[in-house]
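Labels below follow one simple rule: chain letters A, B, ... track the order of the sequence lines, proteins then strands, and each chain is numbered from 1.
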Number of protein chains: 2
Amino acid sequence: MVTMRDIAKMAGVSHSTVSRALNNDPRISPKTTEKIRQVAEDLGYSLDIRGRVLAQGRTFTIGLAIPNITNEFFLPVIRGVEHKAAEFDYSLILCSTRADMRFELEAVRLMAERRVDGLIIAWTDDFEGIIGKLEPNKWPVVFIGNALEDSPYPFIDCDHRSGAYDAAKHLIELGHKHIAFLAGPLISIDAGERLDGYKQAVEENDLVPDMWEGDYTRSSGYTQGKKMLSCRRRPTAVFAANDWMAMGVMSAANELGIKIPEELSVIGFDDVAPARHLLTPLTTVRQPAQQMGRTAVRMLLENGKPKSKRVVLGTELVVRKTTHQAIEKR
Amino acid sequence: MVTMRDIAKMAGVSHSTVSRALNNDPRISPKTTEKIRQVAEDLGYSLDIRGRVLAQGRTFTIGLAIPNITNEFFLPVIRGVEHKAAEFDYSLILCSTRADMRFELEAVRLMAERRVDGLIIAWTDDFEGIIGKLEPNKWPVVFIGNALEDSPYPFIDCDHRSGAYDAAKHLIELGHKHIAFLAGPLISIDAGERLDGYKQAVEENDLVPDMWEGDYTRSSGYTQGKKMLSCRRRPTAVFAANDWMAMGVMSAANELGIKIPEELSVIGFDDVAPARHLLTPLTTVRQPAQQMGRTAVRMLLENGKPKSKRVVLGTELVVRKTTHQAIEKR
DNA sequence: CTGTTAGCGCCTTCAA
DNA sequence: TTGAAGGCGCTAACAG
């Protein structure tokens, strides 16, 4: 492996001159620069960034910890982070923590040892554990999700409440009077906010809320869907707190011979790829996942230290094929 | 940031003793070791791997270049690579090359500068360009896909031919006589092999092949699907060379009022998540993507140099809901 | 405009 | 069982 010293010897200059020339330092004469570049080329030199890393104290690397790389939902986040990092010529170290505290702490250790210049932690379940590990080192970190009211750490999230409100409102405007809501696990903050958004819209319009609880999995959507659709007076629309559950509800409806969207409107949340690709694609509230990833990187890298402590992005109602005018008087 | 020298001073030993103690070198007495660990703990020491990296000439990092992180298909590959790398306490640098030669070479440069210990290049379109960049450096590299007959580089792929054969055979065994095949872009090697597998099965059974060409996109599946299903004598089954096209065909059938699977069987290839989540989930040939990722890492890390130059994994026919007995005599 | 020197944090050979 | 010294590849402060 050829180093700057090799080039220096060959070109008859000092290695620092080589370093400067290769970094376009204007103090080096064009002639020397040219010569050095030539020699470098001839020798097939390739910069070894590890030297620079040690000398400059930066690694040009950011770390991303994702709870579960199995879930398609995170793909756009990864994409956003990767693309933005590449723009800065930064590389991305990816860790999937499998939603397991142990792996999560392992990931933090690994990234810490590598002295990444910044850390993005997405939707961790063990916020406390993470910040416990992080605090002493005082690294630039941005959380995605985990929008704790009083978090002293910068985070980025989207507005679950207003997103849910929009979804419910959409159904109401289509004339639905009986809109069931299938909530996520209510320990999670965003699940609570989505519920609030639903409640607000429903109450503002003098409708009566009809709440069910799921756990964000497709199978919980299916189970609860079966139940709610077998009721004597079943809802004409259901708003599931995420797309996976919405898909579960659709399966249930399908098995019960209930036609979507003619007899039942369904709306989800997140805009996950599989739901977009259904034969009748799901109407949903898009969480701007990719942009969240990009923004996280920007917060980390742009202003040195994250300046804006908290960023809350808006959501977007994406009307596709599963929502429909309510049927007049069943 | 506290270093080994700080610990050494504090503990009244030399920094090399600290290094050894922290690395469990048996030559250091248990007492000193214990003391050093204690001091390290007290000082909140965290290993800075960058020093080791430079001293040992390894980076404990592998790079993964993926053509397009937008495509869900690659997710399991990333997962496989990430998990296996983590087992070795290696970290993963992820680059999405957006199926663009420029980004691809950028990615190789980035990984080269970082001196990753191994490189995994997945389904590159510019094989020649890549190996041009790689050759001089002679890095351990494993390709995923790009199974060139005479490739001097180690690769891992799956058996597209036999996978396609199995799929076609499955339809034949269900009694289908008219099985259309929607091929991928035939410049790509695997598209050709999938076509071969189909042909072989069909010919072995004295059926007449019915071939259409798509480009692996959903929309091409839709367009071609519309055409083939509007034929006077339309097929009773279609085998699409990947899941995306299969989904396109399903949309087309849906719009034409053709019931799947009762009136039309559809089978795909790859086993991509969205196809798995359809209301009537797609029967398909699973490419063991995750295992391919794991194996690639193993090839890179386990035997020092990749020993087995070429690995071809089997596929698995996953029968779900879109395939059905052929209707007797239409 | 260029060279000298020191140093980033760690590992490792050699010597004691 | 431990210490001293040198080096990995690069950058940077200081001289000239």
Side-chain angles (χ1 to χ4, degrees), chain A residues 1-37 39-40 43-61 89 109-117 137 139, chain B residues 1-37 39-40 43-61 89 109-117 137 139:
Chain A
M1 209 72 306
V2 19
T3 78
M4 286 190 175
R5 283 194 160 75
D6 299 327
I7 300 179
K9 228 166 280 169
M10 202 89 272
V13 294
S14 79
H15 67 275
S16 37
T17 301
V18 174
S19 170
R20 290 195 267 252
L22 261 24
N23 286 298
N24 297 311
D25 188 315
R27 292 175 306 181
I28 304 295
S29 78
K31 222 162 60 188
T32 347
T33 301
E34 180 46 40
K35 174 163 189 197
I36 289 175
R37 306 198 88 87
V39 175
L43 261 43
Y45 171 78
S46 146
L47 171 68
D48 184 341
I49 211 175
R50 296 174 300 170
R52 176 181 297 175
V53 157
L54 215 46
Q56 299 199 142
R58 296 194 299 156
T59 53
F60 311 95
T61 297
D89 210 22
R109 180 191 58 77
L110 185 133
M111 291 170 172
E113 286 185 348
R114 279 164 219 254
R115 297 292 191 271
V116 295
D117 290 339
N137 311 307
W139 270 312
Chain B
M1 209 76 304
V2 19
T3 77
M4 285 190 175
R5 282 193 160 75
D6 300 326
I7 301 179
K9 227 166 282 167
M10 201 90 272
V13 294
S14 79
H15 63 274
S16 34
T17 301
V18 173
S19 170
R20 289 195 267 252
L22 261 24
N23 286 299
N24 297 311
D25 188 316
R27 292 175 306 181
I28 304 296
S29 78
K31 221 161 63 187
T32 345
T33 300
E34 180 46 38
K35 173 162 188 198
I36 289 175
R37 306 197 89 87
V39 175
L43 262 42
Y45 171 78
S46 147
L47 172 68
D48 184 340
I49 211 175
R50 295 173 300 169
R52 176 182 297 177
V53 156
L54 213 47
Q56 298 199 143
R58 297 193 301 158
T59 53
F60 311 95
T61 297
D89 209 22
R109 179 191 58 77
L110 185 133
M111 291 169 170
E113 287 185 347
R114 276 157 222 258
R115 298 290 192 271
V116 296
D117 290 338
N137 310 308
W139 270 313

#### Entry: Nearest heavy atoms of A11(A) and I36(A), plus distance in Å
CB-CG1, 4.4 Å
#### Entry: Shortest non-hydrogen contact from F60(B) toward V53(B)
CD1-CG2, 4.1 Å
### Task
Apply side-chain contact (heavy atoms from CB on, under 4.5 Å) to N24(B) and R37(B), showing your working.
CA-CA 10 Å; N24(B) 297 311; R37(B) 306 197 89 87; 3.2 Å; yes
Side-chain N or O of [X] versus OP1/OP2 of [N]: is the shortest distance under 4.0 Å?
{"X": "R52(A)", "N": "dT11(D)", "result": "yes"}
{"X": "Q56(A)", "N": "dC8(C)", "result": "no"}
{"X": "Y45(B)", "N": "dG9(C)", "result": "no"}
{"X": "S14(A)", "N": "dG3(C)", "result": "yes"}

### Message
Tell me the bend of the helix from dC1(C)-dG16(D) to dA16(C)-dT1(D) as the angle between end helix axes, each from five pairs, rounded to the nearest 10 degrees.
### Response
40°
### Message
So for S16(A) and dT2(C), does any side-chain atom that can act as donor or acceptor lie under 3.5 Å from a complementary atom in the base?
### Response
no
Separation of [N] [atom2] from [X] [atom1] (nearest whole Å):
{"X": "R58(B)", "N": "dG9(D)", "atom1": "CZ", "atom2": "P", "value": "16 Å"}
{"X": "K35(B)", "N": "dT1(D)", "atom1": "NZ", "atom2": "P", "value": "17 Å"}
{"X": "F60(B)", "N": "dG9(C)", "atom1": "CZ", "atom2": "C1'", "value": "14 Å"}
{"X": "M1(A)", "N": "dC10(D)", "atom1": "CE", "atom2": "P", "value": "10 Å"}

### Task
State which residues pass side-chain hydrogen bond (donor to acceptor under 3.5 Å, both in side chains) with R109(A); sequence neighbours excluded, sorted by chain then number.
E106(A), E113(A), D89(B)
### Query
Tell me, which of residues 18-29 of chain A have any heavy atom that sits under 4.0 Å from an atom in DNA chain D?
S19(A), R20(A), N23(A)
### Among dG3(D), dG9(D), dT1(D), the nucleotide that comes nearest once only the side chain of L54(B) is considered
dG9(D)
### Summary
Regarding the side chain of H15(A), the nearest nucleotide among dA6(C), dG3(D), dG6(D) is dA6(C)
Any side-chain heavy-atom pair from [X] and [Y] closer than 4.5 angstrom?
{"X": "R114(A)", "Y": "L110(A)", "result": "yes"}
{"X": "R52(B)", "Y": "N23(B)", "result": "yes"}
{"X": "E34(A)", "Y": "P30(A)", "result": "no"}
{"X": "M4(A)", "Y": "L22(A)", "result": "yes"}

### Query
How would you label the contact of V13(B) with the nucleic acid (heavy atoms, under 4.0 Å): base, sugar-phosphate, or nothing?
sugar-phosphate
### Message
Between D48(A) and R115(B), does any NZ, NE, NH1 or NH2 come within less than 4.0 Å of an OD or OE carboxylate oxygen?
### Response
yes
